[in-house]
Protein chains: 2
Amino acid sequence: MSVSKTIPVAWQRTHDHGQCIAGAIDAAARICESRGIRLTPLRRRVLELVWENHKPVGAYGLLDELKREHSSAAPPTIYRALDFLMEQGFVHRIQSLNAYVGCNDPGHSHKGIFLICNDCGDALEIEDKGVANTIDRFASRLGFLLTSQSVEAAGLCPGCQEA
Amino acid sequence: MSVSKTIPVAWQRTHDHGQCIAGAIDAAARICESRGIRLTPLRRRVLELVWENHKPVGAYGLLDELKREHSSAAPPTIYRALDFLMEQGFVHRIQSLNAYVGCNDPGHSHKGIFLICNDCGDALEIEDKGVANTIDRFASRLGFLLTSQSVEAAGLCPGCQEA
DNA sequence: TCAGCTTTTGTTATCTTATATCGTAACGGC
DNA sequence: GCCGTTACGATATAAGATAACAAAAGCTGA
Ligand SMILES: [Zn+2]
Ligand SMILES: [Zn+2]
Ligand SMILES: [Zn+2]
Ligand SMILES: [Zn+2]
């Protein structure tokens, strides 16, 4: 039997990262094209680095990696790129980790929920209209005008529970 | 008519802060008593400062205030007190603001949801089992073992929409 | 009481994360 | 080619958090 019956695909570390990175870059490139904005080499490279890590990674971690091939990189370099990528929805920020992770489903606005493993550090982005709607209802009942929401849960992923 | 029909009491800035601070300190003192732990003068004072602000306040903001009357205070002073207060559930951390706020309902374990106003900076803690349960269900369906969750929503509170 | 342990606080230094500012270069419509 | 806009380079600094070790204060049981 496949492990996928017990461990969701997103938690499997065996898939082809190369392909999943390429897919994310292609998607971002197409979206930028359609929006008439520029996915510059720098921005593209930062997005690649985010995906290469394939788990939440800090801005200074990205900076170190970028510096190896782009010696002029400095904190603003990374933060500008990340700001752009987040504005466009290609990358999410994990508030509880001060870290950034690629979005599985860019191009369509959504309110993600993150399940973060305290052991391996991986973060699974899931989408659940139920949670978002419950929050929306609560807010409107209180007369609160929502503009953004962040839902993050931490614990142990299936793989790390075995250890 | 009272404004409370349209604006939830928590958003009203007209209540007696002095009493609400005193109530929070008393509650904390009683809980510490019952748990056999020490609400030292320092910890008590930091809790007071959190409540005096009456909205999320950063660690260094608290530090500046504490220094005025306690010149030996340094970053570890504040962070230790905040760690203690958070462990005991007297204070919550707002991840998206790197800020700390007093808990309305200490002493009983709960998973709060915060509605944060981007204009006035106030944060309303609400409790909704629905959201927590939805997240729990999601996690268990994925085989994820939850240990903590953070739900924060940002927008405009009723008062700040009028402006 | 006071020795010995635990908890709390003092002190200094350092680390991590993020922004401000200003100047220069590249792009794109005309 | 000109010019407004956008993006990038470079330096400095702000803001948030922790490490490490020493000193003081509280507790506990001879
Ligand atoms: Zn996403
Ligand atoms: Zn894990
Ligand atoms: Zn609370
Ligand atoms: Zn407001």
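Each chain gets a letter, A, B and so on, in the order the sequences are listed, and its residues count up from 1.
- Across residues 64-76 of chain A, H70(A), S72(A), A74(A), P76(A) each have a non-hydrogen atom less than 4.0 Å from an atom of DNA chain D (numbered order).
- The backbone N or O of K55(A) sits nowhere less than 3.5 Å from a side-chain atom of N53(A) that would complete a donor-acceptor pair.
- Residues D136(A) and K111(A) are paired through a salt bridge, judged by an N-O separation under 4.0 Å between the basic side chain and the carboxylate.
- Looking at heavy atoms from C-beta onward, F84(B) lies in side-chain contact with C32(B) at the 4.5 angstrom threshold.
- Linking ILVMFWY residues whenever their side-chain heavy atoms come closer than 4.5 Å, directly or via other members, leaves L115(B) and L145(A) in distinct clusters.
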Where do N or O atoms of nucleotides 28-30 of chain C meet protein N or O atoms at under 3.5 Å, pair by pair?
none

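- Here dT16(C) presents its C1' atom at 14 Å from CG of L62(A), a figure rounded to the nearest Å.
- Between the side chains of Q95(B) and S96(A), no donor-acceptor pair of N or O atoms lies under 3.5 Å.
- Heavy-atom distances to DNA chain C give each of A99(A) and P41(B) a nearest nucleotide, and the one nearer the 5′ end belongs to P41(B).
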**Report entry** Worked verdict on E52(B) versus H17(B) for side-chain contact (heavy atoms from CB on, under 4.5 Å)
**Finding:** CA-CA 7 Å; E52(B) 282 171 13; H17(B) 284 203; over 6 Å; no
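- Cluster annotation: V101(B) and Y79(B) are assigned to distinct hydrophobic clusters (Ile/Leu/Val/Met/Phe/Trp/Tyr, side-chain heavy-atom contacts under 4.5 Å, transitive).
- From one end of the helix from dT1(C)-dA30(D) to dC30(C)-dG1(D) to the other, with five pairs defining each end axis, the axis direction shifts by 30° (rounded to 10°).
- Inter-residue side-chain proximity for F144(A) and C157(B) is flagged as met; some heavy-atom pair is nearer than 4.5 Å.
- Every residue meeting the ring-ring contact (aromatic ring centres under 6.0 Å, His included) condition with F114(A), not counting sequence neighbours, appears here in chain and number order: H92(A).
- For DNA chain D, the span of nucleotides reached by chain A at under 4.0 Å from its heavy atoms goes, 5' to 3', from dA7(D) to dT11(D).
- I94(A) and V50(A) end up in different hydrophobic clusters when Ile, Leu, Val, Met, Phe, Trp and Tyr side chains are linked at under 4.5 Å.
- Linking ILVMFWY residues whenever their side-chain heavy atoms come closer than 4.5 Å, directly or via other members, places Y60(B) and L49(B) in the same cluster.
- Interface residues of residues 79-96 of chain A facing DNA chain D, ordered by number: R80(A); criterion, heavy-atom separation under 4.0 Å.
- In this pair, H110(B) and H108(B) present their aromatic rings tilted. The plane angle is within the 30 to 60° band.
- Atom-to-atom, CD1 of I37(B) to P of dT7(C) comes out at 12 Å; the value is rounded to the nearest Å.
- Remark: E48(B) engages R45(B) in a salt bridge, criterion side-chain N to carboxylate O under 4.0 Å.
- Between the CG atom of L39(B) and the P atom of dT8(C) there is a distance of 11 Å, rounded to whole Å.
- Between the CG atom of N98(A) and the P atom of dT19(C) there is a distance of 10 Å, given to the nearest Å.
- With hydrogens and angles disregarded, a donor-acceptor distance shorter than 3.5 Å links the side chain of Q161(A) to the backbone of L156(A).
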Requested in this report: Please lay out, stage by stage, how H70(A) and E65(A) fare under the test side-chain hydrogen bond (donor to acceptor under 3.5 Å, both in side chains).
Outcome: CA-CA 9 Å; H70(A) 193 94; E65(A) 295 170 15; over 6 Å; no
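- Panel note: side chain T147(A), backbone A154(B); a donor-acceptor pair is recorded below 3.5 Å.
- For the pair L63(A) CG and dC15(C) P, the computed distance is 16 Å after rounding to whole Å.
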